[in-house]
Each structure stands twice: as structure tokens, then as C-alpha cells.
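Below is one structure, written out as C-alpha cells, with a few remarks after it.
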Amino acid sequence: MSLEQISYYSNILALAIILMCWLVFAGTLLYRRGSSTAEHHSREPLSWAGLALQLVSYPISWSVWRTPLFSPFANEQPAMNIGLQFTAAAVGIGSAWLAVSAIRELGKQWSLQARVLEDHKLVTTGVYSIVRHPIYAAMLGMLLATGVVISHWLAVSVAVLVFLAGTKTRIHLEEKLLQRSFGEEFTIWKSEIPSLFPSPKIRQINK
């Protein structure tokens, strides 16, 4: 089997893995809804605008597929493409795990809208001990992983910029609510834990 054929089949395998990850990821986001009956203490309706930008980034990325389908992602290099496809599959698996773990950790507090409940607690355990916004990190991971498998690099680049713009809006509004509600507790957590990506220094702090 030639390197080009291996590259082609690695694309198909990566796509199959990422589609399974999407089933887990989307199913968790849509069906593990918060069940709290507590009153809202405060909320940010404008957070929907940030979510809209995040969601729009996906069709932007998927609007321009590579031709022929499953051709190498960059520079027509089959060896590089094989590495990228296995990396994309790993990122997809990690992203699905991150989203499921984060939503389970939030429990009844999970919501699509930025809000704080009357009985809200600041969650800093589990995956929230290594990254402040693991769900957004997972969303970005799924965007990149899927784009590497099927999309043109230019479409992926534009999509990432749109996603980051929406994410910045969401993070700003959510953290404003948390700062107002939890004060110093949130300030300390924010100073120690990165927004989207963990770092070796952060992991050392949390040992």
C-alpha cells in the first residue's frame, strides 16, 4: 500500500472517529440540561450573541471542503496528512471527554445561557481545576478536528477567528457575572487557572 493510500484511509478513519465524538459531544450538550428549580440571581441575555458567533463558525468551516475529498490538509504531503489526521482524531476524543466531564461537574448549574442561580456554587473541581472554560475549549477542539478532516485550511482559519470572537464575548459576560457573585473566590481561581488551555505552570500550582 502506498503512502498516498494510507493517507486517504487515515482520513476516512479520522472522520469516523470524529463523527462518533460529535454524537457524544452534541448529545451531552443538548440533553444533559440543568434541572435546578432555583430562581435566577442574575443572567446575561447578550451571551446568546456570543453563542451565535460560536455556532456560526461551524458552517463557515464546513462550507468549503477539500477537493478531492480526503486529499491532504496541507501542502499535498501524505506523510504530514497522516500525522494531522491522527492528531485530529485524538483532539476529537479529548474534546468529547472534556465536554462530558465539564457538564457532569456542573450538574444542575449547566445552561446554554450565562446565568447565576440563587443556590449557585463556583465550580473549581474536576476539569475546572485545569481550565476555566472547558466546554469552549472542547467546542474549539471539535471545530479544529473536523476542519482538519474535511475542510480547506482557509475556511478553517476564518471559522476559528469567528469562534474566538464569540468565545471572547461569552467569557467576558460569564466572568462578569461570576466576579459579581463570588468576588475574591473567583479572583483567586481566575488568577491560577487559564481560560482555555492549561499550562505546565498551572498544573504545578495545582499539585
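How far CG of N81 is from CZ of F86: 10.5 Å, rounded to the nearest 0.5 Å. Between the OG1 atom in T169 and the CG atom in L51 there is a gap of 11.0 Å [rounded to 0.5 Å]. We find the CZ-OH distance between F163 and Y58 to be 5.0 Å, quoted to the nearest 0.5 Å. Between atom OG1 of residue T146 and atom CZ of residue F25 there is a gap of 9.5 Å, rounded to the nearest 0.5 Å. In this structure, the separation between OG on S151 and CZ on F73 is 8.0 Å, given to the nearest 0.5 Å. To the nearest 0.5 Å, the span separating OG on S61 from CD1 on I150 amounts to 6.5 Å.
Of all non-hydrogen atoms in S101 and V127, the two that sit nearest each other are CB-CG1, 3.7 Å. When every heavy atom of R132 is checked against every heavy atom of I193, the shortest pair comes out as NH1-O, 2.6 Å. Closest approach of P134 and V131 over heavy atoms only: CD-O, 3.5 Å. The two residues V148 and Q85 come nearest to each other via the heavy atoms O-NE2, 3.3 Å. In plain terms, the two heavy atoms of R66 and N11 that are nearest each other are NH2-ND2, 3.4 Å. When all heavy atoms are compared, the tightest approach of I82 to S7 is CG1-CA, 3.6 Å.
When side chains are defined from C-beta on, L98 does not count as touching I135, because their heavy atoms never get closer than 4.5 Å.
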_I'd like to know whether H120 forms a side chain to side chain contact (heavy atoms under 4.5 Å, CB included) with S181, so could you lay out the CA-CA distance, the side-chain angles of the two residues, the decisive distance to 0.1 Å, and finally the verdict._
CA-CA 9 Å; H120 208 102; S181 298; over 6 Å; no

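The local environment of CD in Q5 is crowded, with over 12 non-hydrogen atoms from other residues, nucleotides or ligands closer than 6.0 Å. More than 12 heavy atoms of other residues, nucleotides or ligands shown are found within 6.0 angstrom of CZ on F70.
Side-chain N/O atoms of E174 and Y136 include a donor and acceptor closer than 3.5 Å.
Ring to ring, W62 and W22 are close: their centroids are under 6.0 angstrom apart.
For H152, there are no ring pair (Phe, Tyr, Trp, His ring centres under 6.0 Å) partners at least two apart in sequence or on another chain.
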